[in-house]
Structures are given as structure tokens and as C-alpha cells.
Amino acid sequence: TFNGEVVKQLKYIYVGGDNISENLRLKFNEKLKKEGSTCVIQQGYGLTEMGSVCVLNYDVIKPDSIGQPLLNLEAKIVNDDLKELERGEVGELVFKTVQVMDGYLGDEETTKASFAEIEGEKWLKTGDYMSMDSDGFLFFKGRKKRLIKISGMNVFPLEIEEVARRLEEIALCVATQKNVDGKPYICLFVQLKEGLILSEKLKDKFTEYLEKNLSHWSVPKYYEQLEQMPYTNFGKVDFTAVAKICSGENK
């Protein structure tokens with residue numbers, strides 16, 4: 001039902017509640033064009049702690065990027081020691097601006113942990129891993145709390161999920177950590193297209209494809225099929241619930 005004059009009259013569409021794949025962005029834009037709209041969907045990024053929107057693809061749209069910081073907002077990528085990283089390196093995104101909260105009401109401990117002092121100035125720690133290119137465009141890599149360490153290497157579940165979703169058999173997927181004999185491995189939970197069963201042949205196909213498109217440490221060692229992904233009350237995939245299923249806490 002997404003068609004007709006209403007769609008044709010749309011001028012701006014922004015997405016900031018979650019990351020969208022390049023494939024979805026292109027398909028959505030094809031639909032807009034077919035309905036006669038001149039607008040395109042634009043990826044952005046926002047934080048409640050900063051009054052919502054703080055990054056957008058506003059003048060130029062760069063594929064796979066969430067955009068550039070808005071005016072009067074300074075952003076940089078830092079390592080765990082709060083040292084600024086070179087362009088293209090992955091680290092935590094931090095912001096400095098007047099457009100920021102004073103703190104979390106009644107929670108001094110979380111407030112303190114959410115800010116960092118860098119060269120005498122107060123910066124907000126986003127808890128999100130990103131990289132920034134030479135033009136100042138930001139690329140979302142995943143939540144810091146979802147980071148997985150395999151053989152000392154950083155593995156970003158979002159990267160695994162984005163690549164795995166290109167496989168025609170996969171409808172939805174979640175990459176999480178599975179501990180076996182005290183060692184961490186990557187386990188990919190998949191919701192397959194209707195009528196498909198996760199056979200050994202299909203697992204081999206997935207592994208072959210992922211080995212060609214991911215680093216050695218990011219390739220899943222295990223696969224599990226879910227009939228339906230668990231969702232939060234906000235309609236997003238519940239990564240915590242999937243992790244509990246993986247650990248055996250929830251069935």
C-alpha cells in the first residue's frame with residue numbers, strides 16, 4: 001500500500017533509529033522513484049543524550065555512511081585511552097557540543113561513565129564503534145557492548161550480519177559469542193526464508209561465502225536456526241535475548 005500521491009509528495013525521509021543496509025536503501029529508493037517522488041532515503045544518527053539528530057547525510061549521500069556531524073558539533077574517533085585515531089581506523093565516537101545533556105537524573109555513576117575529559121574539555125562517549133573517512137563521513141560499526149574478541153582481534157557482529165543478509169536464503173540473522181570449553185567463537189543465528197531448513201549443505205554454503213567476504217576471525221564457527229527472531233518492545237531484534245539463547249539461559 002506504499003504508493004500513490006502521498007508517496008509522490010514526500011520530500012525528505014531520514015532513518016536514525018537503526019542502521020539500514022545498502023541493499024534496503026537502494027530498493028526503497030527504487031520504489032520512491034517508481035511512485036514519482038524525487039526524494040531519496042537518507043541515513044542519519046541520533047542520541048537522546050544530544051536531543052536527537054546529530055549526524056546526517058544532508059547535502060551529499062555516501063553509501064553505507066550515516067553521514068556527517070551537524071554544524072557546531074565536533075566529533076572524533078578515539079581508542080580506549082581516549083587518543084584520537086587516524087581517519088579510517090575504528091574506535092569509539094565521541095562528541096563535544098553545547099547540544100548535550102547535563103546528565104542522567106539521579107544516576108551520578110552512569111553520568112560520570114558517559115563523559116570523558118579530553119585536553120581539558122568535556123566529551124560525550126556514545127558507546128558506538130565507528131570510523132571516519134577523509135571527508136568527515138562516519139561509518140557505523142556496532143555498539144561497543146556487542147563487540148566480540150576472537151584471538152585478541154575485534155569482531156563486529158553488525159559487519160557479519162550485513163554480509164550474511166546478502167545470502168538469498170537468510171531473512172534475518174544475529175551474530176553473537178558462543179563459548180565452548182572456555183574459548184569464544186562466533187555463532188550465527190539465522191531466520192531463513194519460509195520453508196527452508198538449516199541443513200549441513202546450507203551451512204557449508206554460508207561458510208564458503210562468508211570466508212570470501214569477512215576476515216578470518218569474523219567467520220562463524222556455529223550456526224543455529226530460529227523460526228522467529230525475538231524482538232524488543234520497540235520492534236527491534238533483541239540481541240540480548242539471542243545471546244541468552246546461545247548461552248542456554250533461554251530456549
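Small disclaimer: the values here were computed from a predicted structure and weren't measured. Worth knowing before you read on, the calculation uses all heavy atoms, side chains too, and leaves out hydrogens, waters and symmetry mates.
- Following chains of ILVMFWY side-chain contacts shorter than 4.5 Å, one cannot reach V94 starting from L47, and the two form parts of different hydrophobic clusters.
- Pairs engaging residues 85-96 under the side-chain hydrogen bond (donor to acceptor under 3.5 Å, both in side chains) rule: E74-K96, E92-K144 [sequence neighbours left out].
- The side-chain contact (heavy atoms from CB on, under 4.5 Å) check on T207 picks up E211, V219, Y223, with sequence neighbours excluded.
- The two residues E227 and Q225 come nearest to each other via the heavy atoms OE2-NE2, 4.0 Å.
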In residues 63-70, what donor-acceptor pairs under 3.5 Å come from side-chain atoms, sequence neighbours left out?
| from | atom 1 | to | atom 2 | distance (Å) |
| --- | --- | --- | --- | --- |
| S65 | OG | G67 | N | 2.9 |
| S65 | OG | L138 | O | 2.7 |
| Q68 | NE2 | D135 | O | 3.0 |

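- Take E84 and apply the side-chain hydrogen bond (donor to acceptor under 3.5 Å, both in side chains) test, not counting sequence neighbours, and it matches no residue.
- The ring-ring contact (aromatic ring centres under 6.0 Å, His included) analysis of residues 71-119, with sequence neighbours excluded, yields no pairs.
- In terms of the side-chain contact (heavy atoms from CB on, under 4.5 Å) criterion, residue partners of K201 (sequence neighbours excluded) are, by chain and number, S199.
- The pair E200-K203 meets the salt-bridge criterion, with a side-chain N (NZ, NE, NH1 or NH2) lying under 4.0 Å from an Asp/Glu carboxylate O.
- The minimum heavy-atom distance between D102 and K122, with the atom names listed, is O-NZ, 4.1 Å.
- Not one N or O on the side chain of Q42 forms a donor-acceptor pair closer than 3.5 Å with the backbone of Y14.
- Pairing each heavy atom of C173 with each of M229, the nearest pair is CA-CE, 3.6 Å.
- One finds no salt bridge joining K34 and E30 here, because no Lys/Arg side-chain nitrogen approaches an Asp/Glu carboxylate oxygen to under 4.0 Å.
- Pairs passing the side-chain hydrogen bond (donor to acceptor under 3.5 Å, both in side chains) check and including a residue from residues 155-178, sequence neighbours excluded, read N19-E162, R146-E161, E169-K205, Q177-N179.
- Remark: N72 engages no residue in a side-chain contact (heavy atoms from CB on, under 4.5 Å) (not counting sequence neighbours).
- From Q191, atom CD reaches atom CG of L196 across 11.5 Å, with rounding to the nearest 0.5 Å.
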Item to check | side-chain contact (heavy atoms from CB on, under 4.5 Å) evaluation trace for L192 with I197 | outcome: CA-CA 7 Å; L192 300 179; I197 300 296; 5.8 Å; no

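- Contact detail for S114 and M101: the closest heavy-atom pair is CB-CE, 4.5 Å.
- With contacts defined as side-chain heavy-atom distances shorter than 4.5 Å, the pair N29/K33 does not qualify.
- The same ILVMFWY cluster, assembled from side-chain heavy atoms under 4.5 Å apart, contains both I245 and Y231.
- Annotation: the span from L93 atom CG to I77 atom CD1 amounts to 4.5 Å, rounded to 0.5 Å.
- Under a 3.5 Å cut-off, the side chain of T110 and the backbone N or O of D107 do not form any donor-acceptor pair.
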Item to check | Test log, rule side-chain contact (heavy atoms from CB on, under 4.5 Å), inputs L10 and L32 | outcome: CA-CA 9 Å; L10 289 170; L32 289 168; 4.2 Å; yes

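- Cluster partners of V60, by chain and number: F137, F139. The rule joins Ile, Leu, Val, Met, Phe, Trp and Tyr whenever side-chain heavy atoms lie under 4.5 Å apart.
- Distance CD/E49 to SG/C54: 9.5 Å, rounded to 0.5 Å.
- Salt bridge status for E35 with K31: present, with a side-chain N to carboxylate O gap under 4.0 Å.
- Between the S218 side chain and the L214 main chain, no donor and acceptor come within less than 3.5 Å of each other.
- Among residues two or more places apart in sequence or in another chain, the ring-ring contact (aromatic ring centres under 6.0 Å, His included) test is passed with F28 by F2.
- Residues L85 and M132 share a hydrophobic cluster, clusters being chains of Ile/Leu/Val/Met/Phe/Trp/Tyr side chains in contact below 4.5 Å.
- Taking each heavy atom of L147 and V155 in turn, the nearest pair found is CD1-O, 3.6 Å.
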Item to check | Residue pair Q43, R25: steps toward the side-chain contact (heavy atoms from CB on, under 4.5 Å) verdict | outcome: CA-CA 9 Å; Q43 179 78 53; R25 188 181 75 84; 5.7 Å; no

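- For residues 144-168, the ring-ring contact (aromatic ring centres under 6.0 Å, His included) pairs, not counting sequence neighbours, are Y129-F156.
- Considering only residues two or more places apart in sequence or on other chains, K221 meets the side-chain contact (heavy atoms from CB on, under 4.5 Å) condition with Y185.
- Of the inter-residue distances, the one linking I160 atom CD1 with I186 atom CD1 reads 4.5 Å to the nearest 0.5 angstrom.
- Atoms CD1 and CG, on I41 and L24 in that order, are 6.5 Å from each other to the nearest 0.5 Å.
- Follow the hydrophobic side-chain contacts under 4.5 Å out from L71 and you never reach V55; the two are in separate clusters.
- No chain of hydrophobic side-chain contacts below 4.5 Å, direct or via other Ile, Leu, Val, Met, Phe, Trp or Tyr residues, connects W123 to M50.
- For NZ of K193, the number of neighbouring non-hydrogen atoms (other residues, nucleotides, ligands) closer than 6.0 Å is greater than 12.
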Checklist entry - Run the side-chain contact (heavy atoms from CB on, under 4.5 Å) check on F206 and L198 step by step: do they pass? => result CA-CA 10 Å; F206 292 170; L198 185 61; 3.8 Å; yes

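- Nearest heavy atoms, L158 versus G142: CD2-N, 4.2 Å.
- V40 has its side chain within reach of I61: a pair of non-hydrogen atoms, C-beta onward, lies under 4.5 Å apart.
- Taking OG1 from T97 and CD from Q99, the interatomic distance works out to 5.0 Å, rounded to the nearest 0.5 Å.
- In this structure, K149 forms no cation-pi arrangement with W217, as its terminal cationic atom is not both closer than 6.0 Å to the ring centre and no more than 45° off the ring axis.
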